2 protein chains.
Amino acid sequence: MTLEDVARVAGVSRATVSRVVNQQRRVAPAVRKSVMAAVEEIGYVPNRAARSLVTRKAGAVVVVVSGLAPEDDDGSHVARMFSDPFFGRVAGGVVRALRPLDVHPVLMLADTVRARSQVLAFLEHGSADGALLVSTHVDDPLPGQLVELGRPAVVFARPSGDLPISFVDAGNADGGRLAAKHLISRGRRNLGVVSVHGPLNMPALGDRVHGFRDGAAREGVAYVAASPGDLSVEGGDAAVQQLLADSPDLDGVFACNDLMAVGAIQALRRAGRRVPQDVSVVGFDDSSIAALSDPPLTTVRQPIEEMAGEMAHLLMQLVDEPERRVMSAVLDPTLVERDSA
Amino acid sequence: MTLEDVARVAGVSRATVSRVVNQQRRVAPAVRKSVMAAVEEIGYVPNRAARSLVTRKAGAVVVVVSGLAPEDDDGSHVARMFSDPFFGRVAGGVVRALRPLDVHPVLMLADTVRARSQVLAFLEHGSADGALLVSTHVDDPLPGQLVELGRPAVVFARPSGDLPISFVDAGNADGGRLAAKHLISRGRRNLGVVSVHGPLNMPALGDRVHGFRDGAAREGVAYVAASPGDLSVEGGDAAVQQLLADSPDLDGVFACNDLMAVGAIQALRRAGRRVPQDVSVVGFDDSSIAALSDPPLTTVRQPIEEMAGEMAHLLMQLVDEPERRVMSAVLDPTLVERDSA
DNA sequence: TATCATTCGGAGAGCGCTCTCCCACAGAGC
DNA sequence: GCTCTGTGGGAGAGCGCTCTCCGAATGATA
């Protein structure tokens with residue numbers, strides 16, 4: 001079923017049918033009507049390939065999950081990346097936002113040099129109009145390569161280093177402030193934060209800590225002890241042991257992610273502290289573990305689906321108006337109150 | 001950069017370049033070499049749209065996540081579907097399997113009548129060569145529509161009702177047998193199973209129960225008490241209360257999914273039973289909660305990534321040889337031993 | 001009525017590729 | 001030397017669509 005068929009049935013030319021289908025010029029109402037009837041009658045659907053061949057628009061964007069796989073990877077790296085619900089939430093948000101625009105998300109994985117250049121090639125020769133990038137690794141070279149390529153792209157979370165690339169992020173500092181306010185409103189004054197080891201090259205994590213400190217300061221709590229963890233349950237456990245050793249009167253803990261918050265609760269329990277009666281704990285991410293942990297975690301939630309949707313919107317703007325340089329959006333996190341604080 | 005350009009640089013015709021690129025006929029070594037050099041030199045990448053316009057192959061498949069959204073859905077349904085790590089694992093497996101074949105997965109969501117017909121249209125006019133379907137709902141009409149359409153399709157898990165459609169599944173009954181064997185090898189004899197309410201129209205769940213019973217019987221345990229749950233933590237909790245009321249000497253529980261296993265442990269604890277000292281509990285799915293629960297769950301794991309990869313392989317065979325009718329593959333589940341049994 | 005502007009449909013080129021023909025040429029067999 | 005076969009390259013049509021250009025018809029204006 002081609003344009004030609006519709007044209008024949010409607011008794012008009014191919015051009016006219018095309019105009020009706022794409023509604024890009026005035027067509028006499030009577031003609032338009034008979035074309036639409038013909039379209040309906042024979043069940044015509046435009047051929048994407050043919051269309052994109054001439055318009056040079058693919059009507060597709062690539063959703064890239066990027067992260068460096070270890071040399072000896074057996075696939076478990078990929079598995080881990082994808083089994084994080086975070087990924088699915090992003091995908092869901094993107095799919096929902098793109099659907100009404102009739103743009104299709106193509107899933108790609110950029111875990112090796114080869115894979116990365118495949119993504120780049122895919123974009124370069126127009127198989128996709130732009131890229132939505134979710135990086136799991138801080139030193140990911142892909143954002144830089146995307147900038148160099150010069151095709152529309154939006155990344156999830158502000159990239160480290162300065163790179164003229166569009167992004168969508170959550171207000172991490174605001175999230176930290178939210179946590180501080182909440183803890184203090186619960187009467188907690190001896191606060192500790194489980195931060196992250198080494199150079200805080202993941203900007204989000206640093207922002208959370210800074211926001212937390214800032215929030216505490218605004219409420220009159222000048223000092224917040226900090227101990228770094230490695231983002232795992234064990235890391236959170238160890239960090240809190242340290243915190244407890246330094247300040248035994250600790251009564252409020254903010255962990256930079258939920259896994260460490262769970263570890264924090266473990267350590268607290270072992271030290272004879274009850275959560276939340278003796279110590280309140282706030283996590284970050286509202287990951288799947290948050291609702292399931294004991295007690296369920298009070299945590300800061302990033303509006304991931306909304307962020308993903310916003311990424312899609314920004315990208316499509318970039319696609320439509322390439323003269324536009326870079327854009328960004330920062331969405332507000334919210335506090336999900338459960339039982340740990 | 002088109003074929004034409006390569007042809008000019010290499011001093012041959014377009015047809016020859018095409019032959020080299022697609023390696024579909026003998027080309028004199030010298031000519032082939034100069035063409036390859038030209039391709040390299042100008043960085044030629046074939047245009048997918050143009051190619052698929054003539055070959056009528058899209059080089060893409062659609063990965064459909066299907067499930068009925070409630071009438072008044074605000075998006076939370078989609079969010080829930082996608083945030084299940086299961087979905088990500090499938091996506092990861094598909095991406096990995098498809099990549100070497102240079103076929104791209106396009107993500108689609110079929111949660112409404114409209115969305116479903118979009119998927120169907122996408123397939124029908126060749127924007128995708130086939131469909132990989134993950135249904136979250138038993139009465140999903142999409143598999144049937146896919147069969148009717150007659151385009152290549154593979155679904156995850158054997159569909160309920162009989163439908164001539166290809167599928168990949170895990171040996172659910174084998175998984176149940178594995179659980180029974182394990183429990184009995186731990187000395188458990190008074191077994192209970194937390195099954196599912198109502199008509200077992202999700203074949204997988206029924207198979208698990210049957211497999212469990214069969215495994216128990218083969219080991220000499222003739223009777224297994226059963227109590228249905230609703231696949232949630234609460235459901236598991238309630239079901240075990242019932243089980244305990246009926247047979248207080250219960251010492252082994254098999255739950256059809258991990259959520260219910262967690263609920264089972266809750267109920268057992270409340271009744272003063274220790275897990276795994278007094279009662280052993282085995283779950284199913286190895287979901288993210290399994291490793292995190294207390295105690296960590298011994299559970300039956302479906303090889304989701306492998307199953308997804310197998311789906312991709314079957315689909316590509318179907319695409320290549322459309323005369324083939326339907327195919328299936330059933331992969332073996334494994335028991336992941338943790339602490340609950 | 002003649003001229004001009006405006007509206008709207010049609011003709012046709014061409015997007016980049018594949019693939020079917022066709023033809024040139026080399027070597028074999030007589 | 002001639003035909004016959006096989007090998008390998010070129011010409012060109014055409015996939016389904018968009019879009020520019022053109023021209024016909026209509027209505028407004030002088």
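Reminder, nothing fancy here: chain letters follow the sequence lines and each chain counts from 1. Note that the structure is predicted; figures quoted are calculated from it, not measured. Below, each value reflects all heavy atoms present in this structure, side chains not excepted, and no hydrogens, waters or symmetry copies.
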Expressed in angstrom and rounded to an integer, what is the separation of [X] atom [atom1] from [N] atom [atom2]?
X	N	atom1	atom2	result
B:Arg51	C:dC19	CZ	C1'	13 Å
A:Lys57	D:dG16	NZ	P	24 Å
B:Lys33	D:dG9	NZ	P	15 Å
A:Asn22	D:dG16	CG	P	17 Å
A:Glu124	C:dG16	CD	P	15 Å
A:Leu3	D:dC17	CG	P	4 Å
B:Asn47	C:dT18	CG	C1'	13 Å
B:Arg48	C:dT18	CZ	C1'	16 Å

Q) Can you give one letter per nucleotide of nucleotides 8-15 of chain C, going 5' to 3': B for a protein heavy atom under 4.0 Å from the base, S for sugar-phosphate only, - for none? A) BBBBBB-B
Q: Rounded to the nearest 0.5 Å, what's the gap from CD on B:Glu306 to CZ on B:Arg96? Could you check?
A: 9.0 Å
Q. Rounded to the nearest 0.5 Å, how far does CG of B:Leu3 lie from OG1 of B:Thr16?
A. 10.5 Å
Q | Minimum heavy-atom distance B:Arg325-B:Pro164, with the two atoms named | A |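 Closest pair (atom of B:Arg325, atom of B:Pro164, distance): NH2-CB, 4.2 Å.
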Q. Do the rings of B:Phe87 and B:Phe82 sit parallel, tilted or perpendicular, given the 30° and 60° boundaries?
A. perpendicular
Q. According to the interplanar angle, ranging from 0 to 90°, do the rings of A:Phe156 and A:Phe86 count as parallel (below 30°), tilted (30 to 60°) or perpendicular (above 60°)?
A.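 Answer is perpendicular, since the angle exceeds 60°.
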Donor-acceptor pairs are to be reported for all side-chain atoms of residues 307-316 of chain B against protein atoms at under 3.5 Å, with residues two or more places apart or in another chain.
residue  : atom : partner  : partner atom : Å
B:His313 : ND1  : B:Gly309 : O            : 3.2

